[in-house]
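Notes for the one structure printed next.
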Amino acid sequence: MLDPLAALTEAFTSFLFGKVETTRLPVRTSTGQAQAVYLPTAAPGLGDSGVIIGREVYSGKGYIYDPFQLYGQQLPAPHWLVLGESGNGKSALEKTYVLRQLRFRDRQVVVLDAQGEDGVGEWNLIAEQLGITPIRLDPTAALNGGIRLNPLDPSITTTGQLALLRTIIEVAMGHGLDERAGFALKVAHAYVNETITDRQPVLTDIVEQLRHPKPESAEAMNVDLDDVRAWGLDVALVLDRLVDGDLRGMFDGPTTAGIDLDAPLIVFDLSHIDRNSIAMPILMAIVGVWLEHTWIRPDRKKRIFLVEEAWHIINSPFVAQLFQRLLKFGRRLGLSFVAVVHHLSDVVDGAAAREAAAILKMASTRTIYAQKTDEARATGRVLGLPRWAVEIIPTLTPGIAVWDVNGNVQVVKHLITEAERPLVYTDRAMTESSVADASAQPTEEARALERAADAEAEARAEAMALARQLSNESSETVA
């Protein structure tokens with residue numbers, strides 16, 4: 001109940017000055033005018049420590065990403081999946097990312113380069129710029145003193161050697177080894193390792209032992225010697241392809257001396273291998289296991305393993321299982337696996353759907369460039385992207401991608417510096433008109449994109465300044 005004196009005072013004041021409280025009338029205005037009054041907001045970024053990628057399209061802020069800095073806080077795993085059709089900027093992103101990571105002293109990168117350009121791998125220019133000679137795996141060159149990688153290299157554990165031999169055979173045969181064939185391979189491998197001590201064992205030794213098993217191999221399981229020979233015959237025929245077939249020369253001898261595993265960048269040039277042949281997944285398996293046992297070490301270095309045409313790994317159940325182990329093992333030793341794939345449907349509908357799903361689940365970072373509408377919808381379902389992101393994927397222009405970093409989804413424009421441009425473009429054969437103007441077309445296109453982005457950022461900054469000014473004036477008027 002009001003105090004009588006207060007009620008009398010309020011009545012007298014109202015009589016003299018009218019009602020103290022006023023009711024504001026609604027204001028009708030346009031969206032363009034309203035957005036100047038209400039200041040724009042943007043989602044938080046990933047922090048300011050790491051490698052700069054480019055600029056967020058909607059906020060204009062710089063976009064910085066580094067799986068090693070984010071791991072454990074914002075990322076449960078440091079692995080990264082890059083998706084998109086050709087010509088949208090995947091290669092340029094990978095190359096600038098690697099170049100920028102290498103500016104940190106504790107970084108090492110291995111690239112499996114399966115894309116060919118001008119008779120060499122597309123990473124050849126970057127390797128030359130850094131003074132590095134790519135490890136070119138070429139069946140023709142291998143016969144003339146080229147690079148060899150030995151699956152029985154002593155630096156690989158005996159368990160790793162046997163797992164690698166099984167994977168090679170299973171990939172080539174298209175199915176798993178049965179118990180009898182696996183036993184024949186196991187005893188042949190054990191005998192070769194026990195008896196050859198004066199040099200590196202090689203695949204020829206395994207083939208010879210499978211064709212002519214020793215009596216003790218049969219006695220170990222109390223079976224007939226002819227049975228052991230029959231069990232190992234198909235295995236011997238498969239391995240013989242690496243010794244005397246279309247892959248001859250690359251894996252049938254001691255590992256080539258002089259491969260520098262301490263170099264900041266190691267490039268395996270696979271561009272001379274038919275990407276659609278069975279040789280490619282076999283190569284992926286051999287290189288992957290060889291690196292697991294020779295390159296990844298507990299020395300506190302941060303390592304990046306980037307694989308072009310990664311569907312050769314994810315689409316093969318046996319190779320995918322090897323890389324699953326590598327990813328789990330490498331996470332404890334600072335390994336970030338980067339898989340570059342054109343279409344997710346290449347792997348999720350393939351023979352290794354279960355293994356593919358497991359590898360995709362490990363990739364906490366996903367970058368998606370432009371795709372057709374149907375492909376974008378399928379990608380969105382598999383990766384769990386928000387609806388708005390799925391809808392804009394088909395509309396993305398080259399150099400712009402949707403980034404999903406463990407649920408933090410942004411649209412990011414990748415920016416390339418003048419020094420990086422000559423090294424990162426991989427379509428020179430289509431765009432060059434002569435040697436004299438080798439980089440004219442991609443440079444002009446990139447400059448046009450940057451000018452447009454800069455103009456957009458300036459306009460956004462002006463809008464924000466105007467919004468602040470109007471907000472201040474509005475506050476003064478109310479006051």
Would you call [X] and [Y] a side-chain contact if the rule is heavy atoms closer than 4.5 Å?
{"X": "Val98", "Y": "Val338", "answer": "no"}
{"X": "Thr255", "Y": "Trp290", "answer": "yes"}
{"X": "Asp252", "Y": "Val202", "answer": "no"}
{"X": "Ile53", "Y": "Leu93", "answer": "yes"}
{"X": "Asp260", "Y": "Ile266", "answer": "no"}
{"X": "Val424", "Y": "Ser91", "answer": "no"}
{"X": "Met173", "Y": "Val238", "answer": "yes"}
{"X": "Val287", "Y": "Val110", "answer": "no"}

Main-chain N/O of [Y] paired with [X] side-chain donor or acceptor, under 3.5 Å:
{"X": "Asp153", "Y": "Ile156", "answer": "no"}
{"X": "Thr367", "Y": "Val82", "answer": "no"}
{"X": "Asp269", "Y": "Gly121", "answer": "yes"}
{"X": "Gln200", "Y": "Gly253", "answer": "no"}
{"X": "Lys90", "Y": "Gly84", "answer": "yes"}
{"X": "Asn150", "Y": "Pro201", "answer": "yes"}
{"X": "Ser364", "Y": "Pro78", "answer": "no"}
{"X": "Asp113", "Y": "Trp123", "answer": "yes"}

Check against side-chain contact (heavy atoms from CB on, under 4.5 Å), Gln74 and Val405: CA-CA 8 Å; Gln74 296 177 336; Val405 181; 5.8 Å; no

Using 30° and 60° as the class boundaries, would you call the ring planes of His79 and Phe337 parallel, tilted or perpendicular? perpendicular

Salt-bridge contact [X]-[Y] (side-chain N to carboxylate O under 4.0 Å):
{"X": "Arg297", "Y": "Asp262", "value": "yes"}
{"X": "Asp240", "Y": "Arg211", "value": "no"}
{"X": "Asp66", "Y": "Lys302", "value": "no"}

What I want to check is whether the side chains of Asp205 and Gln209 have a donor and an acceptor closer together than 3.5 Å. no

For the student: nearest non-hydrogen atoms of [X] and [Y], plus distance:
{"X": "Met362", "Y": "Ala77", "value": "O-CB, 3.2 Å"}
{"X": "Leu177", "Y": "Ala181", "value": "CD2-CB, 4.0 Å"}
{"X": "Val409", "Y": "Ala389", "value": "CG1-CB, 4.2 Å"}
{"X": "Glu56", "Y": "Gly62", "value": "OE2-O, 4.4 Å"}
{"X": "His272", "Y": "Leu137", "value": "CB-O, 4.4 Å"}
{"X": "Glu391", "Y": "Pro394", "value": "O-CD, 3.5 Å"}

Passing option when Asn406 is tested against Leu70, Leu75, Thr365 for side-chain contact (heavy atoms from CB on, under 4.5 Å): Leu75

How long is the straight-line distance from [atom2] of [Y] back to [atom1] of [X], given to the nearest 0.5 Å?
{"X": "Leu162", "Y": "Arg166", "atom1": "CG", "atom2": "CZ", "value": "7.0 Å"}
{"X": "Phe305", "Y": "Trp295", "atom1": "CZ", "atom2": "CH2", "value": "7.0 Å"}
{"X": "Ile206", "Y": "Leu152", "atom1": "CD1", "atom2": "CG", "value": "5.0 Å"}
{"X": "Arg381", "Y": "Leu344", "atom1": "CZ", "atom2": "CG", "value": "10.5 Å"}
{"X": "Leu261", "Y": "Leu291", "atom1": "CG", "atom2": "CG", "value": "7.5 Å"}
{"X": "Asn88", "Y": "Ile368", "atom1": "CG", "atom2": "CD1", "value": "12.5 Å"}

Pick one: which of Lys95, Arg100, Arg103 meets salt bridge (charged side-chain N to carboxylate O under 4.0 Å, His left out) with Glu420? Arg100

Do other residues, nucleotides or ligands put more than 12 heavy atoms under 6.0 Å from Gln129 CD? no

Name the atoms and distances for all side-chain donor-acceptor pairs under 3.5 Å in residues 184-193, with sequence neighbours left out.
{"residue": "His189", "atom": "NE2", "partner": "Gln161", "partner atom": "OE1", "Å": "2.9"}
{"residue": "His189", "atom": "NE2", "partner": "Asn193", "partner atom": "ND2", "Å": "3.1"}
{"residue": "Asn193", "atom": "ND2", "partner": "Gln161", "partner atom": "OE1", "Å": "3.3"}

Determine, stepwise, if the pair Leu112 / Glu308 fulfils side-chain contact (heavy atoms from CB on, under 4.5 Å). CA-CA 6 Å; Leu112 298 193; Glu308 300 268 12; 5.9 Å; no

List the steps and the verdict of side-chain contact (heavy atoms from CB on, under 4.5 Å) for Val51 and Phe104. CA-CA 10 Å; Val51 172; Phe104 296 94; 3.8 Å; yes

Using side-chain contact (heavy atoms from CB on, under 4.5 Å), reason through Arg366 and Leu83 one step at a time and then give a plain yes or no. CA-CA 8 Å; Arg366 289 83 68 89; Leu83 288 169; over 6 Å; no

Here the ring-ring contact (aromatic ring centres under 6.0 Å, His included) pairs for residues 377-416, sequence neighbours left out, are Tyr63-Trp403, Tyr65-Trp403, Trp80-Trp403

